[in-house]
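Quick note on labels: first sequence line is chain A, next is B, and so on, each numbered from 1. What you see is a predicted model, and the numbers here were worked out from it, not measured in a lab.
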Amino acid sequence: AQSVTQLDSQVPVFEEAPVELRCNYSSSVSVYLFWYVQYPNQGLQLLLKYLSGSTLVESINGFEAEFNKSQTSFHLRKPSVHISDTAEYFCAVSDSGGYNKLIFGAGTRLAVHP
Amino acid sequence: DTEVTQTPKHLVMGMTNKKSLKCEQHMGHRAMYWYKQKAKKPPELMFVYSYEKLSINESVPSRFSPECPNSSLLNLHLHALQPEDSALYLCASRQDRAATEAFFGQGTRLTVV
């Protein structure tokens, strides 16, 4: 069965600083990886996804993530954060043997300070 | 249209009430999901429907009863809930294969009194 570990429950950072949110997964078959963002009292929005092909994927608002099969990781990075990036970030995994399950990590609270 | 619409947005119900949560999508997705999310926790999978058939039940108590009347609609019937069932209930949909993203609704904030 697939699982996801997000190593940091909270990440405080100053505005315009770089940030990395860590995600590790476990699966015995092909995996598909996602980062979702959740703002207070809202649903989840897809930030970016890795399905196949290039291991580096980017979002339209400056986030990127790299799929690393040997380290079973899918870390999220942004070179310069804004106050508006303050939110909860969830890494999620789906695999080819999972009967359509989409499983989430515990989440990382990104708090951007001025 | 990439929207998943959930109604109502907020619901307060007593422990003896019966209520239903509704979810609708018009993206032609054949997999639909119910998740429960407590404060400061990740979404927790409850049910998955695939082609209108229940494919996954994550050992959810019977006081939660899902229904998928057609490919666009998903309901969650609630009966005799407990205060600890208070949470944000999220609906999601996607194509019926793992290599696709899921689209989420804004959720129903449920309070059981």
Tell me whether [Y] is reachable from [X] by hopping between hydrophobic residues (I, L, V, M, F, W, Y) whose side-chain heavy atoms are closer than 4.5 Å.
X	Y	answer
A/Val112	A/Leu21	yes
B/Leu11	B/Met15	yes
B/Leu76	B/Met32	yes

Residues in residues 42-60 of chain A near chain B [non-hydrogen atoms, under 4.5 Å]: A/Gln42, A/Gly43, A/Leu44, A/Leu46, A/Lys49, A/Leu51
Members of residues 63-85 of chain A whose heavy atoms come closer than 4.5 Å to chain B: none
Quick one: pull up [atom1] in [X] and [atom2] in [Y] and give me the separation to the nearest 0.5 Å.
X	Y	atom1	atom2	result
B/Leu45	A/Leu102	CG	CG	8.0 Å
B/Gln106	A/Asn41	CD	CG	10.0 Å
A/Tyr36	B/Phe104	OH	CZ	5.5 Å

Residue part contacting chain B, namely of A/Gln6, when any heavy atom lies under 4.5 Å: neither
Best-contacting candidate, B/Lys41, B/Gln37, B/Gln6, against chain A by heavy atom pairs under 4.5 angstrom: B/Gln37
Choice from B/Gly107, B/Ala102, B/Ser50 maximising heavy atom contacts with chain A below 4.5 Å: B/Ala102
Residues that B/Arg109 engages under salt bridge (charged side-chain N to carboxylate O under 4.0 Å, His left out), provided they are two or more places apart: none
B/Lys40 with A/Glu88: basic N within carboxylate O range, under 4.0 Å: no
Non-neighbouring partners of B/Glu44 that pass side-chain contact (heavy atoms from CB on, under 4.5 Å), sequence neighbours left out: none
Closest heavy-atom pair and its distance - A/Phe90, B/Pro42: CE2-CA, 3.4 Å
Heavy atoms of other groups near A/Glu16 CD, more than 12 under 6.0 Å: no
